[in-house]
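As the structure is a computational prediction, the values presented were derived from the model and not from experiment. In what follows, every heavy atom counts, from backbone to side chain, and hydrogens, waters and symmetry copies are set aside. Chain letters run A, B, ... following the sequence lines, proteins first and then strands; every chain starts at 1.
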Amino acid sequence: MPVKWVLHWHPNAGSTVNTQILTELSQCAESINGTKEGRWKSVLTYYRPILRDQNAPAEYARDFMGLALQEQPDKYYFTIRGQRIVLEADSAIQMIMEKLQSYKSRVQLYFEGIQYQLGDFQLKVGKVVPIHSESLRGIVMEVEYLPLSSLEKSRQIMEEFIDIWQETVSKKSLPGHFMHIEPNFSEYGLSDHYSSLHTAVQYATVMAQLIATVRN
Amino acid sequence: MECVVQGIIETQHVEALEVLLQGISGVPKERVKVHELCLKSGPNLGVVSSEVRLLCDLEQPVPSWTVRHVGGAMRGAGAEQISVLVRTMVESKVSKNVLRFFYALGYKLDHEILRIGFAFNFQRGAQIRVTVTSANKMLKLHAIDEAVTVTPGIQLVEVTAPASADSYNEVVAAVSSFCEYLAPLLHLSKPGVSTGIVPTAAAAAASLMSNAGGKTL
């Protein structure tokens, strides 16, 4: 599977994300000759424990994340960030979680937007919105380099691409910038060879950042 | 959803059952070696306590893991009258760290068991699967190499078939009629309704084995 970096928009202090920024970012993708390839969407779900006694000491994961990716329609991914666990399952696992009635899905978010092709790169720029709502919670970007699946071997070319991208974006003088935080994949037992499990871990990292931004 | 019936057979007659199943199926048996871990939710977790099974298929070159949730049996007068149990069942293949995942969610190991035996699959009005296994318990945690049999001399026979809410009547009928083929060797009934071994088993087995002796299967 090709390597992918997931980046999130980090607004400058005092500013917030808005749809105008998203529009300008789409223009950036087109200005560097990105051709539109259709839409993409991922669905992220937060699960929280259902506790009989809220005051009893919690020996459970406080929350964990489920992820449905468009490129893997039959699969589902769970990430428990606190314990560095990422699990791959069939999409039927969602039905099992529902039947167990031990964890409940509390918040669901769409990551959705437009996909662009730029030579060997695939770029996805999109918004993070709660299901049944249009209120923008964040802006994300996925960059894929199609010829390589080794994180290490692709690092340099990815960095070079991101540099060009950041330069293009900076010309727009937008109130913020994209950030890439690479999780320590080995802590999750993942190797250098890229997989959808890596994507799930990156989504968890991006979500932690978005939540921290909102809190600040 | 699945339809299920179970029965027991003395180990000495298992070979005869295999001959019978082989004769009906026409394809070789599938070897079964499954490490089954039954997990239960911790004391404070969930609306009600819940149970989930993790199955590790040890017959695969790389052991593969499945999560299985078995729900409640169908109830009501209609369900009482049929001789097959109809229950909800959901399965999902999962990556190998699934035990760690469920521990992190607050599930605890209730018991574990190693099932060893064989299975046959049939397409007879439904996708029927017959598994014949001996249950083995581990004396030490996860020590599958040192497992000892739980019921010496007895093996479990399980007949299952996937069904849906619309189709279960036909699947029940298919499973019931399939069970008749096995009737001389064993009684099959709803799980939990034990009917013991059948008195005709020894004679039926002897007859099957003598027939099998002269044929190439």
Do other residues, nucleotides or ligands put more than 12 heavy atoms under 6.0 Å from the CZ atom of B:Phe122? yes

Rounded distance (nearest 0.5 Å) linking atom OG of B:Ser50 with atom OH of A:Tyr103: 10.0 Å

Contacting region of A:Phe64 [heavy-atom separation from chain B under 4.5 Å]: side chain

Scanning both residues in full, the closest heavy-atom pair of A:Ser102 with B:Tyr107 reads OG-OH, 2.7 Å

Got a sec: does the OH of B:Tyr103 have more than 12 other heavy atoms crowding it under 6.0 Å? yes

Count the heavy atoms of every other residue, nucleotide or ligand shown that sit under 6.0 Å from CD of B:Gln60, and state whether that count exceeds 12. yes

More than 12 foreign heavy atoms under 6.0 Å from CD of A:Glu71: is that the case here? yes

Non-hydrogen atoms of chain A under 4.5 Å away: do they reach the side chain of B:Thr66, the backbone, both or neither? neither

Can you tell if the side chain of B:Leu45 reaches within under 4.5 Å of the side chain of A:Leu51, non-hydrogen atoms only? yes

Does B:Lys96 have more than 12 heavy atoms from other residues, nucleotides or ligands lying within 6.0 Å of its NZ? no

Surrounding CZ of A:Arg62 (heavy atoms of other residues, nucleotides or ligands, distance under 6.0 Å), is the total greater than 12? no

B:Glu15 atom CD: more than 12 heavy-atom contacts under 6.0 Å: no

Sort by residue number and list every member of residues 113-138 of chain A having a non-hydrogen atom under 4.5 Å from chain B. none

Give the interface residues of residues 74-99 of chain A toward chain B, defined by a heavy-atom separation under 4.5 Å. A:Phe78, A:Ile80, A:Gln83, A:Arg84, A:Ile85, A:Val86, A:Leu87, A:Glu88, A:Ala89, A:Asp90, A:Ala92, A:Ile93, A:Met95, A:Ile96, A:Met97, A:Lys99

B:Arg31, CZ: over 12 other non-hydrogen atoms inside 6.0 angstrom: no

Heavy-atom closest pair, residues A:Leu100 and B:Phe102: CD1-CE2, 3.9 Å

